[in-house]
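What follows is one structure encoded as structure tokens, with my remarks underneath.
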Amino acid sequence: MAEKVWEAHLVHRAEGEPDLLYIDLHLVHEVTSPQAFDGIRLAGRTVRRPDLTIATADHNVPTTSLDLPIEDPISKKQLEVLTANCAEFGITCFNRGDANQGIVHVIGPELGLTQPGMTIVCGDSHTSTHGAFGALAFGIGTSEVEHVLATQSLPLTKPKTMAITVTGSLQPGVTAKDLVLAIIGEIGTGGGMGYVLEYRGEAIEALSMEGRMTVCNMSIEAGARAGMIAPDDVTIAYLEGKEHAPKGEALADAKAAWLAYRTDEGATFDREVFIDASAISPQVSWGTNPAQVAPLSSTVPSPDDFADPAEREAAIRALQYMDLVPGTPLKDIRVETVFIGSCTNSRIEDLRLAASIFEGRKVAEGLRVLIVPGSHRVKAQAQAEGLDVIFTAAGAEWREPGCSMCLAMNPDKLAPGERSASTSNRNFEGRQGRGGRTHLVSPAVAAATAIAGHLASPGDLS
Amino acid sequence: MKPVTVITGRAIPLNRSDVDTDQIIPSDWLKRVERTGFGAGLFSEWRDDRDFVLNDERFQGASILVAGPNFGTGSSREHAVWALMDYGFEAVISSRFADIFFSNCTKQGLLPVTIAPEKASALLEAVTADPSLEITIDVARGTIEVPAIGMSATFTLEPFTTERFLNGWDDIGLTLRNEKDLTNFEGERPAYLPTTA
Ligand code: SF4
């Protein structure tokens, strides 16, 4: 499938040079774009296809009330510069407060801009999310952002392909997040390096689009720049009626083209991995990289459990940073903060799942619980369904959309030593605030943890 | 980027090895939204020291940096190259460069010149002793000449990189050579594909 999309976007191929690929959609946000726009100006160039480019503010935006001004002057400036650059070059921009604003990887799909067989790039590593639609989507650096702005294309070297086949079906209560954490635990943070991952098999086909996005989102945590899932009826049903999705006759053409991107029977991959979905239970990360995960029902591992000396070293450092003792049941770990949000788990389905657990219950005494919808559209939908009322009644904070505590570039941060259960994608040292300790979990585990006060699954609640 | 064929100018000696990108441009500078103006941040922590060579008036206006070995290690930040160029450097001479830094230089048009270690230290000494020394770097011929002291050295770049400097091609420039292919491709894109307009 990756191969087909690649070849369909080939603009120029020459011996001894990388392939030049056309880019169908370029997503832009405030942090990695200012210098790229500056470069365009300095070279006296223009943006080739503003109509294939879209911008939004997400990394920096505060998630507190829109009526309040932005306190950090540098964040404020970055947002202003984004608006000014987009105005200068004719790019549609959804800044803070716009009805379409949200995390860049949430708004692409919900606007129907992300479609099967497309090439999609963004100056952000979690661009892999869009692969859930059968698009070839990956993160790029600032120079490449400038390159795409100027030429709507990129010189690239073809990656290898890896099939991750997930057989069987997930047990009730086990989510897409648990599945992808288990996959990363299996292949490691470097396992996907140099590959495009293709997730396939019954368990993947059974996932909703939201679940598929959660899986593809975390491909980068396994080292892969992109992850893809073949388009099918679920994909088409999601896209139908979306603002930028094709309509009428164009839709018929598009459907045929989309389904043709599927990997042919008998195609070969450079590497194949098989995972049994039925063996997966709710997962939680115990360390400081997303491959350091274990079933929630197990205990904190000991460095001696790792045969590989590098892994053992990493485990020693991680346990020290996380302040954990080997052998402690994971469910005994108490947290101070719960964060439900990020481009991994902030879509409507994630919020519905969390709300179903919060309903009629109360957040544990003294716990801070932030619920940050992925976009204004998600927020509006959640409010139409009354989810916000459930959250606030339980004692959680219902916030404005943005990246928020996923990377702590806005004021939502952990204090040094503070521990969180988070539905985001990275548990690196200091990711959620200097000295903060992050446990990656699904929205279901996050919600149950918020109520129990310690890591817990919904089944543990009375 | 601008074509670079021959660079003639005076040099600043930076007699330190393993200078990393954090030292070239400290991370506080990464929050900036501009691409220009990084010259002020170049080696900013060292510049607080009055005796640091960049503060030495005799070297003002020099366009070539003569550095110690292993220059530009550390993070991949392109800001390091932007800072050197914004400060006014057109070339950096060292006996060894870090990979990513070297490639960032070639993307932005800052000429990285690798010469033999003994030549590099001789040059460092000569420039330190005489701030008015004129150096000429010829990209096509791959030579460095310091006529006043009768010194010369050679360097090599990948042929494709040499071409890029001589013609002023940056990656974008190279891609735009295929402008026709791009336009043709655009003419054939399926109509159902979305636009953001
Ligand atoms: S939510 Fe987190 S991972 Fe996603 S785009 Fe924002 S900062 Fe990056």
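Excluded from the calculations below are hydrogen atoms, water molecules and symmetry mates; all remaining heavy atoms, backbone and side chain alike, are included. Convention: sequence-line order gives letters A, B, ...; per-chain numbering from 1. From a predicted model like this one, the values you see are computed outputs, not experimental measurements.
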Salt bridge present between [X] and [Y] (N-O < 4.0 angstrom):
X	Y	answer
Lys107(B)	Glu146(A)	no
Glu243(A)	Arg377(A)	yes
Glu240(A)	Lys255(A)	yes
Glu88(A)	Arg41(A)	yes
Arg141(B)	Glu145(B)	yes

*Should Gln152(A) and Leu52(A) count as side-chain neighbours, where that means a heavy-atom distance under 4.5 Å?*
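Yes; the side chains approach each other to less than 4.5 Å.
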Counting only non-hydrogen atoms closer than 4.5 Å, does [X] touch chain B with its backbone (N, CA, C, O), its side chain (CB onward), both, or neither?
X	result
Gln78(A)	both
Leu82(A)	neither
Val11(A)	both
Ala36(A)	backbone
Thr114(A)	neither
Thr92(A)	side chain
Leu20(A)	side chain
Leu10(A)	backbone

*Taking non-hydrogen atoms and a cut-off under 4.5 angstrom, which of residues 164-197 of chain B neighbour chain A?*
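Heavy-atom contacts from residues 164-197 of chain B to chain A are Asp170(B), Asp171(B), Ile172(B), Gly173(B), Thr175(B), Leu176(B), Arg177(B), Asn178(B), Glu179(B), Asp181(B), Leu182(B), Thr183(B), Phe185(B), Glu186(B), Arg189(B), Tyr192(B), Leu193(B), Pro194(B), Thr195(B), Thr196(B), Ala197(B).
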*asked:* For His59(A) and Asp124(A), which I'm curious about, is there any donor-acceptor pair between the side chains at under 3.5 Å?
replied: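 Note: His59(A) and Asp124(A) side chains meet the donor-acceptor criterion.
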*Contact winner vs chain B - Ala254(A), Ala8(A), Pro246(A), Ser33(A), heavy-atom pairs under 4.5 Å*: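 Option with the greatest count: Ala254(A).
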*Would you give the length of the straight line joining atom CD1 of Ile107(A) to atom CG of Leu27(A), rounded to the nearest 0.5 angstrom?*
7.0 Å
*Passing candidate, ring-ring contact (aromatic ring centres under 6.0 Å, His included) with Phe38(B), options Tyr87(B), Trp82(B), Phe89(B)*: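 Answer to the ring-ring contact (aromatic ring centres under 6.0 Å, His included) test with Phe38(B) among Tyr87(B), Trp82(B), Phe89(B): Trp82(B).
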_Inter- and intrachain pairs under side-chain hydrogen bond (donor to acceptor under 3.5 Å, both in side chains), touching residues 111-123 of chain B, at least two apart_ =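 Non-adjacent pairs meeting side-chain hydrogen bond (donor to acceptor under 3.5 Å, both in side chains): zero.
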